[in-house]
Each structure stands twice: as C-alpha cells, then as structure tokens.
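Some notes on the structure that comes next.
Letters go in sequence order (proteins before strands), and every chain restarts at 1.
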Amino acid sequence: MTKSSPNIAWGEAALSRPQFIEQVWQEGRAAYRELPWRNIDDPFAVLVSEVMLQQTQVARVLNFWPRFMAAFPTADALAAASSADVLEHWQGLGYNRRALLLKRAAEVCAATLQGQLPRSYDELLALPGVGPATAAGVCNFAYRTAAPYLETNVRSVFLHLLFPSQENVADRQLMPLVADCAATEEPRGWNYALLDLGARLKAETANPSRRSASYARQSPFAGSNRQKRAALLRCVLAHPEGIAAAQAWQLVDEELARAGVAPADERLKGEIAAQLQREGFFRCEGGLLRP
DNA sequence: ATCCGGATAT
DNA sequence: ATATCCGGAT
C-alpha cells in the first residue's frame, strides 16, 4: 500500500489524483494573487522573496522586498554590502538571522559561482539559510524546474482536500503526495495555484495547517529573549560609531519599560550580547558594540 | 491576549 | 526531537 507506485494511498478523502489536480488548478487560478516577486526568472530575486517569506506573511514582505531588491539587486551586490546595511533594510521584517544567512548565501555565490545562483536543488539546499522549501521555491518559480514544495499554504491545501478530518498529519505523510503532483509541465503555475488556494482557504476557514503535526504555537513575544535581542540589535545599528554595552542596555531597558516589560537581568544581558556577537550581528571593539 | 510562519543548532 | 528566532495585525 505504501509502495505501489501509480496508486499511492491518496489521502483519506474520496478524491482521486486527477480530481485533486483539476480542483487545485481551477480554484487556485481563480484565487491568483499578483505579487511583485512572481513570474520572474531571476533566481536571486526569487531567493530573496522565499527567504523573506520564511515565517513571515505576504502582507509584510510586500513592504520589504521591493526596497531590498532596489538596494541589493544581485548576489554580488548583497555579498559586497555591509552587514549593517543589510540588517538595516531587514528591520521590521523579523528573524534577523535570515538577513545574515541570506548575505552569506550571496557571498558563496559571489565567491564560487561568479555571482550566479546554483541550478540544482541540492546545491541550492547547501546554501546558508536555504532549506527544502526555499530550495524548491527557487527551482519551481525561477527556473521552472519541478521540485516538491511543501510550506504552510501548500500544506493547507493537501490537508483540507485530502485529510479533511485527520489530526496531527505528519509531513512524512504529505510529502509523497506533494512530490507526486510536483511532476508537472508547469511547476511555476502549479505551485502558485497551491499557494493561492491555500491562502484563500485560510482566509475563509480555520487554518487547515493547524492539523499538521508540525504546527506549533508561539511563545509570547512580550518579555521574551527575542524582544530583547531585537531591541539590542536595533540599538547597535542606530549607533554605527559603536556604543558601550551598558549604555545600549540602558536604552533597551527604557524601550522595554515603555512597552511595560521588566528589564533583563545582568546575566541575561551578557548572554544575549554574546550570542548576537557569535552569530555575527556585531563586534565588540575597545569596549564598544559596533555593527 | 492571540494569531501567523522555515531553518538551524543542540 | 526540541528549542529558538521577530513583529504587526486583530
């Protein structure tokens, strides 16, 4: 049952493979969203959009992708830019690590591929900050070469149509179906249809992806390490000439206080600053935190 | 107060 | 396997 190749178990629903594919094409096309990073062949521009769309919704990315691409139009440009400049353009998008990883990916392309992006899924996957979904996104959308693309909107479509009542559905169950459908003549259009139908389903009904085994609730932001990390980074970026750690933390504590959040204790402050340095967000030179 | 969302390090 | 990483909208 798990192996018979043309007749893999097609979810739990009474929907055949051709019926499923037809329905996704029909409803996905009807729900089509025109987005600035769509229908372009430039793999770097697509990579930037895919990385921004990791853990960040379309509405937010719309405010950032055009400005980012104007500032860093090519992998060479991003590789040559300062981390501070790149992080500045990322502020407000969240999960700042992604910006550093994207810049490192650009540096790999600049150093080893004359500024071009790799063509193959496996080589894309090897780039910093590029996982299975992002690598598949670049293949499908930029190169129009088919690759199984499984992210939240796609997951929602498969769960809604093929696992309508099952809870805790693992990606391991979904992936064979996604891969089966991915073998198409039109990988770009097919995956746009999946994304757009998924987005429509979420707008109309309870998020089907909540029935995914990998769905996780977030811990609260207020009072979190994430909040303090982000505030410290913003503070250091605002002082290009460098700022003493104690002074930076005083400014951060004031900002937290305005948000009704207690200041971090000294031990935590040290750990957060050290962690950010280790990850490459800034350096400590002559007692000054410097982007 | 609750919601949304991929990759990486351990 | 599990913990961690952001911020705005609602």
DNA chain B-proximal residues of residues 140-150 of chain A, any heavy atom under 4.0 Å: none
Between P on B:dT2 and OH on A:Tyr215, what's the gap in Å once rounded to a whole number? 12 Å
A:Arg60 to A:Phe64 six-membered ring, cation-pi geometry met (6.0 Å, 45°): no
Send over the distance from A:Leu125 CG to B:dG6 C1', rounded to a whole Å. 12 Å
Integer-rounded Å distance: B:dT8 C1' and A:Glu279 CD: 10 Å
Applying a 4.0 Å non-hydrogen cut-off, can you work out what A:Ser219 is touching in the nucleic acid: base, sugar-phosphate, or nothing? nothing
Heavy atoms only, 4.0 Å cut-off, all strands: where does A:Gln227 land among base, sugar-phosphate and nothing? nothing
Decide whether a cation-pi geometry holds between A:Arg38 and A:Phe141; the criteria are a distance under 6.0 Å from NZ or CZ to the six-membered ring centre and an angle within 45° of the ring axis. no
Expressed in angstrom and rounded to an integer, what is the separation of A:Leu276 atom CG from B:dA9 atom C1'? 15 Å
Does the side chain of A:Arg210 get closer than 4.0 angstrom to OP1 or OP2 of B:dC3 through an N or O atom? yes
If you find the nucleotide of DNA chain B closest to A:Arg278 and the one closest to A:Glu151, which residue's nucleotide is nearer the 5' end? A:Glu151
Starting at atom OH of A:Tyr95, determine the distance to atom P of B:dA9, rounded to an integer number of angstrom. 16 Å
Between A:Glu271 and A:Arg278, is the closest basic N to carboxylate O distance under 4.0 Å? no
Under 3.5 Å, is there a donor-acceptor pair between the A:Glu50 and A:Tyr149 side chains? yes
Within residues 51-72 of chain A, those residues having any heavy atom closer than 4.0 Å to DNA chain B are A:Leu53, A:Gln54, A:Gln55, A:Thr56, A:Gln57
Side chains of A:Trp90 and A:Met52: does their closest heavy-atom pair fall under 4.5 Å? yes
Answer with base, sugar-phosphate or nothing: what part of the nucleic acid does A:Arg98 contact at a heavy-atom distance below 4.0 Å? nothing
When rounded to whole Å, the CD to P distance for the pair A:Gln218 and B:dG6 reads 11 Å
Would you mind classifying the nucleic acid contact of A:Pro220 as base, sugar-phosphate or nothing, using non-hydrogen atoms under 4.0 angstrom? nothing
A:Leu93 and A:Thr56: which non-hydrogen atoms are nearest, and at how many Å? O-OG1, 3.7 Å
Terminal contacting nucleotides, 5' and 3', DNA chain C versus chain A (heavy atom, 4.0 Å): C:dT4 to C:dG8
Which atom pair, heavy atoms only, marks the closest approach of A:Tyr143 to A:Pro118? OH-O, 2.7 Å
Whether A:Arg226 engages the ring of A:Phe221 as a cation-pi pair (distance to the six-membered ring centre under 6.0 angstrom, angle to the ring normal within 45°) should be assessed. no
Check whether more than 12 heavy atoms from other residues, nucleotides or ligands sit under 6.0 Å from atom CZ of A:Arg283, and answer yes or no. no
Determine, for A:Glu255 against A:Arg234, whether the closest basic-nitrogen to carboxylate-oxygen distance falls under 4.0 angstrom. yes
Look at atom CD of A:Glu185 and say whether more than 12 heavy atoms of other residues, nucleotides or ligands are closer to it than 6.0 Å. no
Electrostatic pair A:Glu151-A:Arg155, nearest N-O below 4.0 angstrom: no
